[in-house]
Amino acid sequence: MDYTFTCERFDIRRTLFCGQAFRWKELDGRFCGIAGGRYAEISDNGDSTYTVHGIEKSDISYWQSYFDLDTDYDALIKQFSEDEHMRLACKENPGIRVLRQEPFETLISFIISQNNNIKRITGIIDRLCESFGEKTDRGYMFPTLEKLVGVTAEDLAPLRAGFRARYIVDAVEKLHSTEVSLDGIKAMDTTAAREELKKIKGVGDKVADCVLLFGYHKTDAFPRDVWIKRIEQKLYPDGLPECIKGNEGIAQQFLFDYARTHEI
DNA sequence: ACCCAGGGTAACT
DNA sequence: AGTTACCATGGG
């Protein structure tokens with residue numbers, strides 16, 4: 001079936017390709033991809049409505065959640081705009097939303113992201129899915145933990161992930177042994193959850209915060225990458241503004257795009 | 001040839 | 001507690 005939803009000022013292209021998700025392609029004007037084991041083709045109808053094509057009726061709520069449709073971004077932007085820099089950043093890219101993605105996929109993806117660029121991250125993840133993910137008639141799924149149990153760094157060599165291969169192996173081992181529990185993190189506050197994720201080799205503050213923000217929607221997580229560090233130095237030498245408190249992660253998405261487009 | 005990329009680790013002061 | 005070389009790979 002097709003599911004059409006309305007969302008004012010939703011920039012689906014920027015949302016899907018701004019570096020929070022890595023598995024979407026734009027083909028023939030449609031955004032195609034698999035999330036949470038569900039395939040979808042999404043069209044931007046140009047009138048603030050968007051149609052998710054070819055899905056199961058029972059998955060409507062999944063896609064509503066995935067695009068965070070229940071969150072009022074207008075209200076957030078209004079709140080953020082109390083700060084002048086945030087006002088400009090939001091004004092420039094008002095259609096960005098923070099996706100609600102799968103924790104495991106997000107963890108592996110952002111382990112791969114470290115000291116890497118978005119294009120190459122996407123390539124490595126594509127090869128990971130083709131090598132270890134379930135094949136369907138509409139593409140490869142992101143591999144489950146079970147599919148990856150037992151893999152070695154040598155097994156991952158075809159991905160050309162470089163030094164990150166052993167980090168993936170360590171993540172799979174610690175999750176399989178339940179030394180780290182992705183389910184358990186849901187109930188933790190952000191500080192405790194961050195420390196839990198950092199038990200995995202190759203997961204530091206930045207990767208952990210990306211997983212918490214994009215995989216658990218813990219909006220007070222604030223991933224500090226190179227771009228955000230530049231923004232903080234230049235615009236916020238005395239600390240982040242009060243008006244983003246509790247939603248630092250969402251604010252970070254606006255700032256990240258702002259920094260990149262202006263090459264701050 | 002050099003520098004950088006949605007960083008982290010280990011080995012230094 | 002705060003720096004720094006090094007880590008693979010590919011693009012500019």
Side-chain angles (χ1 to χ4, degrees), chain A residues 11 13-24 89 92-93 96-103 105-128 130-131 142 151-174 180 190 193-236 240 244 248-264:
Chain A
D11 189 338
R13 182 178 290 104
R14 207 172 272 272
T15 295
L16 293 177
F17 298 119
C18 70
Q20 55 175 319
F22 303 98
R23 296 221 60 215
W24 292 93
E92 198 162 294
N93 302 305
I96 291 178
R97 305 178 77 83
V98 173
L99 301 169
R100 294 179 185 254
Q101 305 185 66
E102 296 300 310
E105 175 173 339
T106 309
L107 171 64
I108 301 300
S109 296
F110 280 93
I111 285 174
I112 291 168
S113 79
Q114 71 170 72
N115 198 31
N116 212 339
N117 58 69
I118 292 177
K119 181 175 244 176
R120 206 169 81 87
I121 296 164
T122 303
I124 293 169
I125 292 173
D126 281 346
R127 292 188 288 277
L128 173 67
E130 289 165 13
S131 304
F142 194 92
V151 292
T152 64
E154 299 82 74
D155 297 331
L156 298 175
L159 307 186
R160 283 168 283 155
F163 59 86
R164 306 163 192 86
R166 60 192 176 91
Y167 297 153
I168 297 173
V169 170
D170 189 66
V172 169
E173 286 175 353
K174 289 199 167 77
V180 175
T190 296
R194 183 182 296 117
E195 293 313 307
E196 184 71 8
L197 285 170
K198 282 168 70 175
K199 290 178 181 172
I200 297 166
K201 284 179 195 164
V203 178
D205 287 323
K206 193 271 173 181
V207 170
D209 278 22
C210 283
V211 177
L212 295 175
L213 178 60
F214 304 129
Y216 291 90
H217 206 74
K218 292 189 183 294
T219 56
D220 55 336
F222 188 75
R224 286 185 165 89
D225 63 38
V226 289
W227 296 98
I228 292 296
K229 284 176 181 170
R230 289 171 201 156
I231 284 273
E232 284 191 275
Q233 277 188 359
K234 222 167 216 187
L235 305 184
Y236 301 115
L240 296 172
I244 69 170
E248 291 89 341
I250 297 177
Q252 182 266 10
Q253 279 305 96
F254 293 105
L255 290 173
F256 176 71
D257 223 79
Y258 187 70
R260 278 162 47 101
T261 54
H262 289 273
E263 293 191 5
I264 290 178

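Naming: A, B, ... by sequence-line order, numbering from 1 per chain.
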Charged N to carboxylate O under 4.0 angstrom, [X] versus [Y]?
| X | Y | value |
| --- | --- | --- |
| D205(A) | R224(A) | no |
| K198(A) | E195(A) | yes |
| D170(A) | K174(A) | yes |

*Check A221(A) against L212(A) and note the closest heavy-atom contact, atom names and distance.*
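Minimum heavy-atom contact is CB-CB, 3.9 Å.
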*Ignoring hydrogens and angles, does a donor from either the side chain of R120(A) or the base of dA5(B) sit under 3.5 Å from an acceptor on the other?*
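For R120(A), whose side chain was compared with the base of dA5(B), there is no donor-acceptor pair (under 3.5 Å).
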Considering every strand and a 4.0 Å limit on heavy-atom distances, what is the contact class for [X]: base, sugar-phosphate, or nothing?
| X | result |
| --- | --- |
| R260(A) | sugar-phosphate |
| R166(A) | nothing |
| F256(A) | base |
| G202(A) | sugar-phosphate |

To the nearest Å, give me how far apart [atom1] ([X]) and [atom2] ([N]) are.
| X | N | atom1 | atom2 | answer |
| --- | --- | --- | --- | --- |
| W227(A) | dC4(B) | CH2 | P | 11 Å |
| D205(A) | dG2(C) | CG | P | 13 Å |
| I228(A) | dG7(B) | CD1 | C1' | 15 Å |
| I121(A) | dG11(C) | CD1 | P | 14 Å |
| N115(A) | dG11(C) | CG | C1' | 14 Å |
| F110(A) | dG8(B) | CZ | C1' | 16 Å |
| N117(A) | dA8(C) | CG | P | 17 Å |
| K199(A) | dT9(B) | NZ | P | 15 Å |

For [N] and [M], measure between their [atom1] atoms and round to the nearest Å.
| N | M | atom1 | result |
| --- | --- | --- | --- |
| dA5(B) | dG2(C) | C1' | 24 Å |
| dG10(C) | dT9(B) | C1' | 23 Å |
| dG11(C) | dG8(B) | C1' | 23 Å |

*Between K119(A) and Q114(A), who's closer to the 5' end of DNA chain C by nearest nucleotide?*
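By nearest-heavy-atom nucleotide position, the 5'-most residue is Q114(A).
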_Please compare Y167(A) and R230(A) by the position of their nearest nucleotide in DNA chain B and report the one closer to 5'._
R230(A)
*Please check if any side-chain donor atom of Q101(A) sits under 3.5 Å from a side-chain acceptor atom of H217(A), or the reverse.*
no
_Polar side chain donor-acceptor pair, T219(A) to E248(A), under 3.5 angstrom_ = no
*Where the side chain of F163(A) is defined as all heavy atoms beyond and including C-beta, which of dG8(B), dA5(B), dA8(C) is the nearest nucleotide?*
dA8(C)
*Can a side chain N or O of R160(A) be found less than 4.0 Å away from OP1 or OP2 on dG10(C)?*
yes
_Distance test, side-chain N/O of R224(A) to OP1/OP2 of dG8(B), below 4.0 Å_ =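 No.
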*Does any nucleotide pair with dA5(C) by Watson-Crick or G-U wobble geometry, both distances under 3.5 Å, and what is it?*
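Base-paired to dT9(B).
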